[in-house]
Amino acid sequence: MSNPKHTRPKGTQDFVPPRAEQKSKVEDVFRHLAERFGFQEIVIPTFEYTDVFVKSSGTGSDIVTKEMYTFKDRADRSLTLRPEGTGGVVRAVLENRLRIPCRLYYLGPYFRYGRPQKGRFREFFQLGVEALGEASPLVDAETILFGDEFFRELGISDCITRLNSIGCRNCRPAYQHKLVEFLSSHKDRLCSECQLRLKHNPLRVFDCKQEQCQAVLKDAPKPGDYLCPECSRHFKAVQASLDKQGLRYELNGRLVRGLDYYNRTTFEFVSSKLGAQDSIGGGGRYDYLVEDFGGPQTPAIGLAIGLERTMLAMGEKEQARRRLAFVVWMGDAELDEAQKVLARLRAQGIPAQMDYDAHRMKHQFKSADAAGASCCVIIGADELAKGVYSLKDLTTGRQIQVPVSELIGTVQKLIRAQSVATRR
RNA sequence: GUGAGUGUAGCUCAACUGGUUAGAGCACCUGACUGUGGCUCAGGAUGUUGGGGGUUCAAGUCCCCUCACUCACCCCA
């Protein structure tokens, strides 16, 4: 740890073998599910002109003020490594004149500059879906259902869904105003931190753990009570749909989301396995954003899932044997035959490998074990004389002889049986 | 951006209030076992104690700087 000459940049990570595979499995589950829900993949640049993100996240947001990787290119254009997905997607939908409504999904790396901690990186991976042009509260419910289904398929059982509505252009400012007014009148009873919160994020005061502040909040105006009739109806319809589909959720009036573009429904998924950064995914409606980008008035809703947080929530899986056969050869006399067998296995879609350097069989078995192979095909003088191969199951240590013609089938059966066994 | 904690072998960690040659387990290599991994036994290799400076007769240990990692705040995936 002390020596390496080159190290990865702060906040980045290497996905070394078992984890890289786990990552792509999660991505596969996401792709299949997204397609089942009618989403189509969109691939857009990893960097955009800076104003795309300034526009989408909001000038005052933390992302824009302190978390963006912004740089000038050689022609002095300001570019930014994407800190979030929605802005670029909206830009691409308009620029390519995609027909709206449309449902899109995407996945890839994102970048935010900040101090790394558990579940937070400077380069991180997100899986997202966006439904543009659908206004129904049933779509909100469906998006939430999508997230829930995704986590369920990955076996994340302790996941809680939080739900809120932050109102619209009309009722949100009115509520904020009322809240600030109320809190200001009790300013002297709030802790110092809350006095600051009052200025830039008054809703956060609800999260304060100080008793004095909680006492003040008892009589504070509640977020839910100030929704306009339309927003209120929308929110109730979302809940009714979720109820009907048996999806459990917690109402949380403080759930605000940090990006300026959200309105009405906001939601997030949290897991207890993560530490302080417990949100594994979140999203909400953004009915004004497309218009803000110069497009037609378009209702929209999206969801973003944090890949590495999802993997944290999944926990460590037991290291299973790989789907891999190892060919063991006895001496130079058997080397040609061994290579033929190797090729036959591969031709049948069975991952196979051999150790050319190890001349002692003992070494070859060690290599097989170290590689995590699930079986060894052994080719020695006895086998060649008898017209068979020996096949050793590395999980049980049992070894059998199979006729040359039955090798492929037997190996396939063995590997399949093992992958079923390790999955339980 | 703010705060706290931790850096000793490939990994997990020891080393009393500064005191001789910095240790152990796991992993690794060799052999017992020239047709068999995991088990057992016997041997073996391994360190600029993250880096730099300072105090001291003497620094892994104390002080300063720096770097890295970790956790938390802010905020979010």
Side-chain angles (χ1 to χ4, degrees), chain A residues 1-13 57-58 60-67 82-86 107-128 147 193 196-197 200-201 203-204 207-209 255-259 262 266 268-271 274-283 302-313 321 326 328-331 333-334 355 358-384 390-399:
Chain A
M1 204 55 205
S2 53
N3 263 350
K5 226 176 194 159
H6 301 288
T7 58
R8 71 185 92 93
K10 194 186 195 70
T12 62
Q13 52 184 335
S57 304
S61 65
D62 272 41
I63 289 185
V64 170
T65 55
K66 54 180 205 189
E67 292 180 345
R82 61 182 185 192
E84 53 111 13
T86 307
L107 64 180
Y110 291 83
F111 308 86
R112 286 183 206 171
Y113 192 92
R115 286 265 186 104
Q117 74 190 67
K118 187 166 189 173
R120 167 179 293 167
F121 306 92
R122 289 183 173 178
E123 182 189 36
F124 57 102
F125 294 82
Q126 258 182 219
L127 317 164
E193 220 170 303
L196 281 176
R197 287 182 175 130
H200 50 263
N201 203 345
L203 278 164
R204 286 279 162 197
D207 282 328
C208 187
K209 285 159 192 112
L255 178 57
V256 185
R257 314 258 81 216
L259 303 159
Y262 286 119
T266 58
E268 70 178 5
F269 302 95
V270 297
S271 160
L274 299 214
Q277 307 307 320
D278 60 355
S279 167
I280 53 181
L303 158 66
I305 293 161
L307 177 70
E308 34 288 268
R309 289 188 188 176
T310 298
M311 285 170 69
L312 276 174
R321 289 263 160 193
F326 217 94
V328 171
W329 50 289
M330 191 174 148
E334 293 79 24
D355 185 340
H359 288 272
R360 296 178 56 183
M361 288 177 73
K362 186 184 182 75
H363 282 304
Q364 297 181 43
F365 277 97
K366 278 201 163 180
S367 297
D369 194 40
S374 43
C375 64
C376 285
V377 178
I378 303 141
I379 299 162
D382 292 355
E383 282 81 1
L384 286 190
S390 292
L391 180 62
K392 180 166 183 171
D393 181 334
L394 287 180
T395 57
T396 61
R398 223 168 298 156
Q399 187 169 320

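Protein chains get the first letters and strands the later ones, always in sequence-line order, with residue 1 at the start of each.
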Checklist entry - Does the side-chain ring of A:F124 sit on the six-membered ring of the B:rA77 base, less than 5.5 Å centre to centre and under 30° in tilt? => result yes
Checklist entry - Using the P atom in both, what is the distance from B:rU48 to B:rG23, to the nearest Å? => result 15 Å
Item to check | Distance between P atoms of B:rC71 and B:rU61 (Å, rounded) | outcome: 26 Å
Next on the checklist: side-chain contact (heavy atoms from CB on, under 4.5 Å) for A:E123 and A:Q13? Distances and angles first, verdict last.
Outcome noted: CA-CA 8 Å; A:E123 182 189 36; A:Q13 52 184 335; over 6 Å; no
Checklist entry - Quick one: what's the B/S/- string for nucleotides 30-35 of chain B, heavy-atom cutoff under 4.0 Å, read 5' to 3'? => result SS-BSB
Checklist entry - Do side-chain atoms of A:R122 reach the backbone of A:G114 as a donor and acceptor pair under 3.5 angstrom? => result yes
Checklist entry - Under a 4.5 Å cut-off applied to non-hydrogen side-chain atoms, are A:E383 and A:M330 in contact? => result no
Checklist outcome for this item: Rounded to whole Å, CZ of A:R115 lies from C1' of B:rA77 at a distance of 20 Å
Next on the checklist: Main chain of A:A373, side chain of A:R321: is a donor-acceptor contact present, judged purely on distance under 3.5 Å?
Outcome noted: yes
Checklist entry - Given atom NZ of A:K118 and atom P of B:rA72, what is their separation to the nearest angstrom? => result 7 Å
Next on the checklist: Whether A:Q117 contacts B:rC71 is assessed here as follows: a side-chain N or O lying under 4.0 Å from the phosphate OP1 or OP2. Is that the case?
Outcome noted: no
Checklist entry - Is it true that a side-chain atom of A:S390 and a backbone atom of A:I378 form a donor plus acceptor pair closer than 3.5 Å? => result no
Checklist entry - Taking the same atom, P, in B:rG52 and in B:rA59, what whole-Å distance lies between them? => result 14 Å
Checklist entry - A:G147 and A:F269: which non-hydrogen atoms are nearest, and at how many Å? => result CA-CZ, 3.7 Å
Checklist entry - Which whole number of Å gives the distance between the P atom of B:rC73 and that of B:rU17? => result 34 Å
Next on the checklist: Rounding to an integer number of Å, can you tell me how far A:D278 CG sits from B:rC74 P?
Outcome noted: 12 Å
Checklist entry - Checking all strands, does A:G397 fall into the base, sugar-phosphate, or nothing category for heavy-atom contacts under 4.0 angstrom? => result base
Item to check | P-based separation of B:rG50 from B:rC13 [nearest Å] | outcome: 15 Å
Item to check | Atom-pair distance (OH on A:Y113; C1' on B:rG1), nearest Å | outcome: 9 Å
Next on the checklist: Tell me whether the rings of A:Y110 and A:F124 are parallel (<30°), tilted (30 to 60°) or perpendicular (>60°).
Outcome noted: tilted
Next on the checklist: Heavy atoms only, 4.0 Å cut-off, all strands: where does A:S271 land among base, sugar-phosphate and nothing?
Outcome noted: nothing
Next on the checklist: For A:E84 and A:R112: C-alpha separation, side-chain torsions, deciding distance, then whether side-chain contact (heavy atoms from CB on, under 4.5 Å) applies.
Outcome noted: CA-CA 9 Å; A:E84 53 111 13; A:R112 286 183 206 171; 4.0 Å; yes
Checklist outcome for this item: Symbol by symbol from the 5' end, with Watson-Crick or G-U pairs under 3.5 Å, [ ] crossing and | another strand, RNA chain B is (((((((..((((.....[...)))).(((((.......))))).....(((((..]....))))))))))))....
Item to check | Integer-rounded Å distance: B:rA77 C1' and A:E268 CD | outcome: 10 Å
Checklist entry - Within this structure, what is the NZ-to-P distance between A:K66 and B:rG1, rounded to whole angstrom? => result 10 Å
Checklist outcome for this item: Of A:G306 and A:G114, the one whose closest nucleotide on RNA chain B sits nearer the 5' end is A:G114
Next on the checklist: On RNA chain B, compare the nucleotides closest to A:D369 and A:S279; which residue's is nearer the 5' end?
Outcome noted: A:D369
Checklist outcome for this item: With the side chain defined as heavy atoms from C-beta on, A:F365 is closest, among B:rU36, B:rC74, B:rA77, to B:rU36
Next on the checklist: Quick check on side chain to side chain contact (heavy atoms under 4.5 Å, CB included): which of A:R398, A:K392, A:Q399 does A:T396 satisfy it with?
Outcome noted: A:R398
Item to check | Donor-acceptor contact present, side-chain A:Q364 to main-chain A:A358, <3.5 Å | outcome: yes
Item to check | Among B:rA77, B:rG37, B:rC74, the one nearest A:F121 by side-chain distance | outcome: B:rA77
Checklist entry - What's the NZ-P distance between A:K10 and B:rC69, to the nearest Å? => result 5 Å
Checklist entry - Quantified in whole Å, what is the P atom distance between nucleotide B:rU49 and nucleotide B:rC39? => result 33 Å
Checklist entry - Could one point to a donor on the side chain of A:E67 or the base of B:rC75 with an acceptor on the other under 3.5 Å away? => result no
Checklist entry - Could you give the CD1-to-P distance, from A:I63 to B:rC74, as a whole number of Å? => result 16 Å
Item to check | Residues A:L274, A:K118; criterion side-chain contact (heavy atoms from CB on, under 4.5 Å); working and verdict | outcome: CA-CA 7 Å; A:L274 299 214; A:K118 187 166 189 173; 5.7 Å; no
Checklist entry - C1' atom, B:rC75 versus B:rC16: distance in rounded Å? => result 45 Å
Checklist entry - Rounding to the closest angstrom, what is the interatomic distance between B:rG60 and B:rA9 at atom C1'? => result 14 Å
Item to check | Sugar-phosphate, base or nothing in reach of A:G275, heavy atoms under 4.0 Å | outcome: sugar-phosphate
